[in-house]
Amino acid sequence: MPAKSLDEIVSLCKRRGFIFPGSEIYGGLQGTFDYGPLGVELKNNLKKLWWRHNVYERDDMEGIETALLTNRYVLRYSGHEKEFTDPLIDNRNNKKRYRFDHLLRDQKPDVLVNIALAFGLPADADEETLAIALLKEPARAEAALKAAKVVDPTDGKPGDWTEPRTFNLMFKTQVGPVADDESFAYLRPETAQGMFVNFKNVLDSTNRKLPFGIAQIGKSFRNEITPRNFLFRVRELEQMEIEYFVKPGEDERVHDEWIADHVDWWVNEVGLSREKLKLHEHPKDKLSHYSKRTVDILYDFPTLGFDELEGIANRTDWDLGSHSRDQANLPLSDNTRTRAMKNEHSVEKLTYFDHETNKHIVPFVVEPAAGVDRGVLAALCEAYDEETLENGETRVVLRLKPALAPIKVAVLPLKKNNAEIVATAKRIKGLLQAKGDMRTVYDDTAGIGKLYRRQDEAGTPFCVTVDFDTLGQGKGGDTSLKDTVTVRERDSMAQERVAIDRLPEYIRDRIG
RNA sequence: GCGGGAGUAGCUUAAUGGUAAAGCCCCUGCCUUCCAAGCAGGUGACGAGGGUUCGAUUCCCUUCUCCCGCUCCA
């Protein structure tokens, strides 16, 4: 039986050491989580699989890792300084909160005219212009909204409005010893910008031709208004992102290819069921400022229902164009040309010289961006199983793909009060861990049945048990099984007898 | 940020204005020849701060965290 609720997963994560609340002994810090001994292994394994699929097994990808602290100009010209800010306002009468610009948009025209005139703006100023002007003088704004009788869209009555204020979703931090208004940097809200600002560096150092991509795995930070739902909405998150650069015109085909490829990756390598995945096409009017088309891959989480695992966006030439100097002389798409801010700080033109046409072009970008933490959660939800055994008892077993399993092998002595069995088990543990690529544990703190169940809950695919037969002391003096052990498989609980010297190979063949 | 609900051991629950109890888990020892056995022992909790009180886990206030609903959501 799969997990009935997310709480069952949360409970298992805490109990077995996958995931803990961040800063827990000081009461926690909302929107942060710490990965425990099993969690870090699972997460590392997921990232390893992703990197292998998207970098090593392709001919057109490079990896990078860029700084988390980001020059504010990067986020200014990317559009985040403006677009990643939500202006908010509350109605004291009914405790409703609105996005300030959306509230203005929903007013009758004469209301907006009155506000505009009160602020000395042209009568036909649009709601974005108004919002920006009013946010600069919140106290005057509050008075003007009252005077103009701005109504609440929920009840249609004039509201008792608070001062409008901005809520920026980017974290700022002080850089250097002098605390003035200019000496700050942003913690990056997405890893993507690191790939864009290094576009030339990668191109120049690798001699890549279009199409090619840059991959990065790393932390991003978003000051979410309301972190919720366990790993789902967090303030510190890890992303696995690709920026795939193509000639304009190839972008739509390549976009579809990445969507199909990544759905297959979640299914084949992470082990998610295809029927629990679905695609979500973003409506045109809800697209981000940089996107021409965005398709999300959703997973059917317990309690939450379908929610986003990965977003695959066609970012057009927005980013490379926005970060380039001398934009007026670049061949940009209409959206980027008209909406991107004039760049007065970049010293680079992020273009590509196309030898076929002998022209500089600004590549289009297709961006598959997946959440590592959400991937971990999906893998756990998919793998969780409460199984009723033949004897009527239940066991909790994590049916993780062996490649994802935090522990690959547990070596267990059938009896811990037999020195020779214990010594042999410890020797086998050493033999397996010497290979260096599989987490191996030894445990003798309970009876054999309980040891198996513990490993089931951790998702360990194989248990190796050392018994009297291993020592050549089988029942009735049977020595035929000397130097063999029992390998017990997690999902079926079936056992197989394997020679010790074949064991590393046997296990490796089965963990992928 | 608003409204509602909840915070007692790793987990699930109990009681109490006066030494906080139990089961499971965990640890140690004995026992145990393959799926959470048994016996004996042991560690471990009132989210934090303040107030009322002789005395607060209990009553009050504040705060933090979590859950539900709004709101928000690249």
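It should be emphasised that the depicted structure is a prediction, and the values quoted were computed from it without experimental measurement. Per chain, numbering begins at 1; letters A, B, ... match sequence-line order. Heavy atoms only: backbone and side chains are in, while hydrogens, waters and symmetry mates are out.
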Quiz item: Hey, does A:Arg488 reach any base, or is it just sugar-phosphate, or nothing, if we go heavy atoms under 4.0 Å?
Solution: base

Quiz item: Taking OP1 and OP2 of B:C26, is either one under 4.0 Å from a side-chain nitrogen or oxygen of A:Thr445?
Solution: no

Quiz item: Does a side-chain N or O from A:Gln30 land closer than 4.0 Å to OP1 or OP2 of B:C66, or not?
Solution: yes

Quiz item: B:A36 and B:G17: how far apart are their P atoms, nearest whole angstrom?
Solution: 43 Å

Quiz item: Do the side-chain N and O atoms of A:Ser5 and A:Glu8 include a donor-acceptor pair separated by under 3.5 angstrom?
Solution: no

Quiz item: Is there a donor and acceptor pair closer than 3.5 Å between the side chain of A:Gln495 and the base of B:C34?
Solution: yes

Quiz item: Would you say the base of B:C11 and the side-chain of A:Ser11 have a donor-acceptor pair closer than 3.5 Å?
Solution: no

Quiz item: Looking at the side chain of A:Lys14, which of B:A74, B:C26, B:G10 is the nearest nucleotide?
Solution: B:G10

Exercise. Could you check whether the rings of A:Phe301 and A:Tyr299 sit parallel, tilted or perpendicular, using 30° and 60° as the cut-offs?
Key: perpendicular

Quiz item: Roughly, in whole Å, what's the span from CZ in A:Arg233 to P in B:C72?
Solution: 11 Å

Self-check item: Value in whole Å for how far the P atom of B:C31 lies from CG of A:Leu414
Solution: 15 Å

Self-check item: Nearest-Å distance for atom pair CG/C1', residues A:Leu451 and B:A36
Solution: 10 Å

Quiz item: Does the ring center of A:Phe230 lie less than 6.0 Å from the ring center of A:Phe232?
Solution: no

Quiz prompt | Pairing partner (Watson-Crick or G-U wobble, both distances under 3.5 angstrom) of B:G1 | solution = B:C70

Practice problem: Identify whether any heavy atom of A:Arg454 sits under 4.0 Å from a base atom; if not, whether one sits that close to sugar-phosphate; answer base, sugar-phosphate or nothing. | Solution: sugar-phosphate

Practice problem: Whole angstrom is fine here: how far is it from CG in A:Asp444 over to P in B:C30? | Solution: 12 Å

Quiz item: Taking atom P in both B:A56 and B:C30, what distance in whole Å separates the two?
Solution: 46 Å

Quiz item: If you look at every strand shown and take non-hydrogen atoms under 4.0 Å, does A:Asn417 touch a base, only sugar-phosphate, or nothing?
Solution: base

Practice problem: Find the partner of B:G7: check Watson-Crick (N1-N3 plus N6-O4 or O6-N4) and G-U wobble (N1-O2, O6-N3) distances, both under 3.5 Å, and reply none if neither fits. | Solution: B:C64

Practice problem: Look through every strand shown and name the nucleotide pairing with B:A20 as Watson-Crick or G-U wobble, where both distances are under 3.5 Å. | Solution: none

Quiz item: A:Ile19 CD1 to B:G10 P: how many Å, rounded?
Solution: 19 Å

Quiz item: Base, sugar-phosphate, or nothing: which does A:Asn223 touch, judged by heavy atoms less than 4.0 Å apart?
Solution: nothing

Self-check item: Contact nearer the 5' end of RNA chain B, comparing A:Asn229 with A:Gln473
Solution: A:Gln473

Quiz item: Under 4.0 Å between a side-chain N or O of A:Arg15 and OP1 or OP2 of B:C24?
Solution: no

Quiz item: For A:Glu393 and B:C35, what is the distance between atoms CD and P respectively, to the nearest whole Å?
Solution: 11 Å

Quiz item: Do A:Thr70 and A:Arg188 meet the criterion of a side-chain donor-acceptor pair at a distance under 3.5 Å?
Solution: no

Practice problem: Could you tell me whether A:Lys475 sits above the aromatic face of A:Phe468, with NZ or CZ closer than 6.0 angstrom to the six-membered ring centre and within 45 degrees of the axis? | Solution: no

Self-check item: Whole angstrom value for the distance that separates P of B:U33 from CG of A:Leu412
Solution: 17 Å

Quiz item: OP1, OP2 of B:C31 versus side-chain N and O of A:Lys415: anything below 4.0 Å?
Solution: no

Practice problem: Scan every strand shown for a Watson-Crick or G-U wobble partner of B:G38, both distances under 3.5 Å, and answer none if you come up empty. | Solution: B:C30

Quiz item: Can you name the nearest heavy-atom pair linking A:Leu6 to A:Thr303, along with the distance?
Solution: N-OG1, 2.9 Å

Quiz item: For A:Glu65, does the CD atom sit with more than 12 other heavy atoms under 6.0 Å from it, leaving out its own atoms?
Solution: no

Quiz item: Is any side-chain nitrogen or oxygen of A:Lys416 closer than 4.0 Å to OP1 or OP2 of B:U32?
Solution: no

Exercise. Would you confirm whether the ring centroid of A:Phe245 sits within less than 6.0 angstrom of the ring centroid of A:Phe199?
Key: yes

Quiz item: Whole Å only: how far is the CD atom of A:Glu367 from the C1' atom of B:A74?
Solution: 9 Å

Quiz prompt | Side-chain-base donor-acceptor pair under 3.5 Å for A:Arg222 and B:C73 | solution = no

Quiz item: Which nucleotide sits closest to the side chain of A:Lys450: B:C25, B:U33, B:C35?
Solution: B:C25

Quiz item: On a whole-Å scale, what distance lies between the C1' atoms belonging to B:A6 and B:U63?
Solution: 16 Å

Quiz prompt | Integer angstrom distance from the C1' of B:G47 to that of B:G38 | solution = 38 Å

Quiz item: Given the P atoms of B:A37 and B:C26, what is the spacing between them in whole Å?
Solution: 9 Å

Quiz item: Does A:Lys475 have a side-chain nitrogen or oxygen under 4.0 Å from the phosphate oxygens OP1 or OP2 of B:U33?
Solution: no

Exercise. Kindly state whether the pair A:Tyr452 / B:C34 counts as stacked, where counting means centroids closer than 5.5 Å and planes tilted less than 30° apart.
Key: no

Practice problem: For B:A48 versus B:U8, give the span between their C1' atoms, rounded off to a whole number of Å. | Solution: 15 Å

Quiz item: Does B:G55 have a Watson-Crick or wobble mate here (both distances under 3.5 Å), and if so which one?
Solution: none

Quiz item: Given the C1' atoms of B:C70 and B:A74, what is the spacing between them in whole Å?
Solution: 22 Å

Exercise. Taking atom P in both B:A21 and B:G3, compute the distance separating them and give it to the nearest angstrom.
Key: 38 Å

Exercise. Mind checking A:His80 for me? I need base, sugar-phosphate or nothing, with any heavy atom below 4.0 Å counting as a touch.
Key: base

Quiz item: Between A:Phe468 and A:Glu190, which is nearer to the 5' end of RNA chain B once each is assigned its nearest nucleotide?
Solution: A:Phe468

